[in-house]
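These numbers come from a predicted model, not from an experiment.
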Amino acid sequence: MEGDDVVMAAEESTEADLDDMKRRLKEMEDEAAALREMQAKVEKEMGSVQDPAAAATSQANREEVDSRSIFVGNVDYSCTPEEVQQHFQSCGTVNRVTIRSDKYGQPKGYAYVEFLEVDAVQEALLLNESELRGRQLKVTAKRTNIPGMKPYRPRRSNPFMQPRDPFIAPYFFAPYGYGKVPRLRMATRYNPYY
């Protein structure tokens with residue numbers, strides 16, 4: 001009888017342990033699902049996750065907007081977007097004027113004008129070298145940036161850096177054991193021992 005009680009108690013405890021493990025597993029699965037949902041929400045807000053179809057659509061949309069836009073260079077620093085819009089109003093309906101500024105809020109001296117119609121760009125290109133606030137504007141069609149395509153710019157030399165000494169040949173041994181050949185020195189204006 002006692003053996004039966006021990007076996008029954010063991011079976012009840014294993015069933016209780018098994019139920020407890022199933023309950024904890026369900027809690028962990030629910031928590032993992034909530035974390036996945038929160039992660040997806042954060043990634044969606046940050047815009048870091050884009051499927052290729054959405055990226056292609058946004059690239060096509062950007063190209064379409066850029067085909068209706070122009071670049072305006074040499075814009076006066078005190079010029080307002082309303083003045084730029086008024087200057088290009090004769091070309092077509094202006095959708096948006098963007099005057100770029102630096103991190104301190106000072107204008108960089110160029111602007112982008114977006115039109116509603118594509119043919120307005122050709123009309124606006126005729127206003128190249130026109131004057132706005134006494135400055136001659138440079139008007140070109142806006143180009144579409146390709147991500148990751150940065151033009152190569154070689155390093156500029158630093159005028160304060162001293163030039164390096166030219167290559168000095170290392171020691172090498174003379175044939176047939178006659179000792180070392182002295183190191184070759186090159187005449188430079190920085191070498192006082194030559």
Side-chain angles (χ1 to χ4, degrees), residues 32-167 188-191:
L35 285 173
R36 278 193 298 270
E37 183 179 319
M38 287 182 355
Q39 182 70 24
K41 182 180 175 185
V42 167
E43 287 176 350
K44 183 179 177 186
E45 288 175 3
M46 298 296 282
S48 62
V49 174
Q50 289 186 350
D51 57 339
T57 305
S58 68
Q59 178 69 18
N61 185 28
R62 191 175 315 132
E63 288 176 4
E64 191 269 329
V65 168
D66 288 347
S67 69
R68 296 183 284 123
S69 302
I70 59 169
F71 168 83
V72 184
N74 201 22
V75 176
D76 188 50
Y77 294 113
S78 61
C79 201
T80 63
E82 290 79 20
E83 291 173 325
V84 175
Q85 178 179 357
Q86 192 174 26
H87 186 77
F88 289 100
Q89 196 70 42
S90 62
C91 303
T93 309
V94 176
N95 188 28
R96 177 183 6 191
V97 176
T98 307
I99 297 179
R100 297 300 309 256
S101 57
D102 62 8
K103 63 182 178 180
Y104 303 110
Q106 302 299 319
K108 289 186 172 184
Y110 63 92
Y112 294 104
V113 179
E114 179 187 330
F115 295 100
L116 289 178
E117 307 90 19
V118 177
D119 56 339
V121 173
Q122 296 304 320
E123 295 289 325
L125 291 177
L126 297 175
L127 290 177
N128 188 24
E129 298 182 359
S130 62
E131 283 196 13
L132 177 65
R133 283 202 172 195
R135 296 185 75 164
Q136 195 172 20
L137 299 179
K138 174 72 174 159
V139 180
T140 59
K142 186 174 188 277
R143 63 178 178 84
T144 302
N145 282 338
I146 301 171
M149 294 296 292
K150 192 173 183 181
Y152 171 72
R153 294 191 314 196
R155 291 181 61 176
R156 292 184 289 170
S157 62
N158 186 350
F160 301 106
M161 199 169 119
Q162 289 185 354
R164 296 180 180 172
D165 285 339
F167 177 74
T188 64
R189 63 180 179 184
Y190 299 110
N191 190 352

J.: To the nearest 0.5 Å, tell me how far Gln85 CD sits from Thr80 OG1.
T.: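 Reported value, rounded in 0.5 Å steps: 9.5 Å.
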
J.: Does atom CZ (Arg96) have a neighbourhood of more than 12 heavy atoms from anything else shown, all under 6.0 Å?
T.: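 No, not enclosed.
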
J.: Would you say that more than 12 heavy atoms from the other residues, nucleotides or ligands in this model lie under 6.0 Å from the CD of Glu37, or not?
T.: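 No, CD of Glu37 has 12 or fewer neighbouring heavy atoms, counting only those of other groups under 6.0 Å.
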
J.: Verify whether one side chain among Glu43 and Gln39 offers a donor that lies under 3.5 Å from an acceptor in the other.
T.: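 The answer is yes; a qualifying pair exists.
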
J.: How far apart are the closest heavy atoms of Val121 and Ser69, and which atoms are they?
T.: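 Looks like CG2-N, 3.8 Å.
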
J.: Which word best sums up how the rings of Phe88 and Phe115 line up, parallel for under 30°, tilted for 30 to 60°, or perpendicular for over 60°?
T.: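 Taking Phe115 first and then Phe88, their aromatic rings stand perpendicular (interplane angle over 60°).
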
J.: Checking side-chain contact (heavy atoms from CB on, under 4.5 Å) for the pair Glu63/Asp66: CA distance, chi angles, key distance, verdict?
T.: CA-CA 5 Å; Glu63 288 176 4; Asp66 288 347; 5.6 Å; no

J.: Between Glu64 and Arg68 (salt bridge meaning N to carboxylate O under 4.0 Å), is one present in this structure?
T.: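 Salt bridge between Glu64 and Arg68, a charged N being under 4.0 Å from a carboxylate O: yes.
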
J.: Do the non-hydrogen side-chain atoms of Pro107 and Val75 ever get within less than 4.5 Å of each other?
T.: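 Contact flag for Pro107/Val75 side chains = no.
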
J.: If every non-hydrogen atom of Gly92 is compared with every non-hydrogen atom of Ala120, which pair is closest and at what distance?
T.: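 Distance-wise, the nearest heavy atoms are CA-CB, 4.1 Å.
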
J.: Is there side-chain contact between Leu137 and Leu127, with at least one heavy-atom pair below 4.5 Å?
T.: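 A side-chain contact under 4.5 Å is absent here.
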
J.: Do His87 and Ser130 have side chains that get closer than 4.5 Å, going by heavy atoms?
T.: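 Counting from C-beta outward, His87 and Ser130 do come under 4.5 Å.
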
J.: Looking only at heavy atoms, what is the nearest atom pair of Ile99 and Cys79, with distance?
T.: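 Minimum heavy-atom contact is CD1-O, 3.6 Å.
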
J.: To the closest 0.5 Å, what do you measure between CD (Glu117) and OG1 (Thr93)?
T.: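 Between atom CD of Glu117 and atom OG1 of Thr93 there are 4.5 Å.
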
J.: Could you tell me the separation between the NZ atom of Lys138 and the OH atom of Tyr110, rounded to the nearest 0.5 Å?
T.: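 These two atoms lie 16.0 Å from each other.
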
J.: How many angstroms lie between atom CZ of Arg62 and atom NZ of Lys142, to the nearest 0.5 angstrom?
T.: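 Nearest 0.5 Å value for the CZ-NZ distance: 9.0 Å.
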
J.: Mind checking the OG1-CG spacing from Thr140 to Leu125? Nearest 0.5 Å is all I need.
T.: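 Thr140 atom OG1 to Leu125 atom CG measures 7.5 Å (nearest 0.5 Å).
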
J.: Of the non-hydrogen atoms in Ala124 and Cys91, which two are nearest, and what is the gap between them?
T.: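 Looks like CA-SG, 3.4 Å.
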
J.: In Å and rounded to the nearest 0.5 Å, what is the CD to CD distance from Glu131 to Glu129?
T.: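 Going from the CD atom of Glu131 to the CD atom of Glu129 covers 10.5 Å.
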
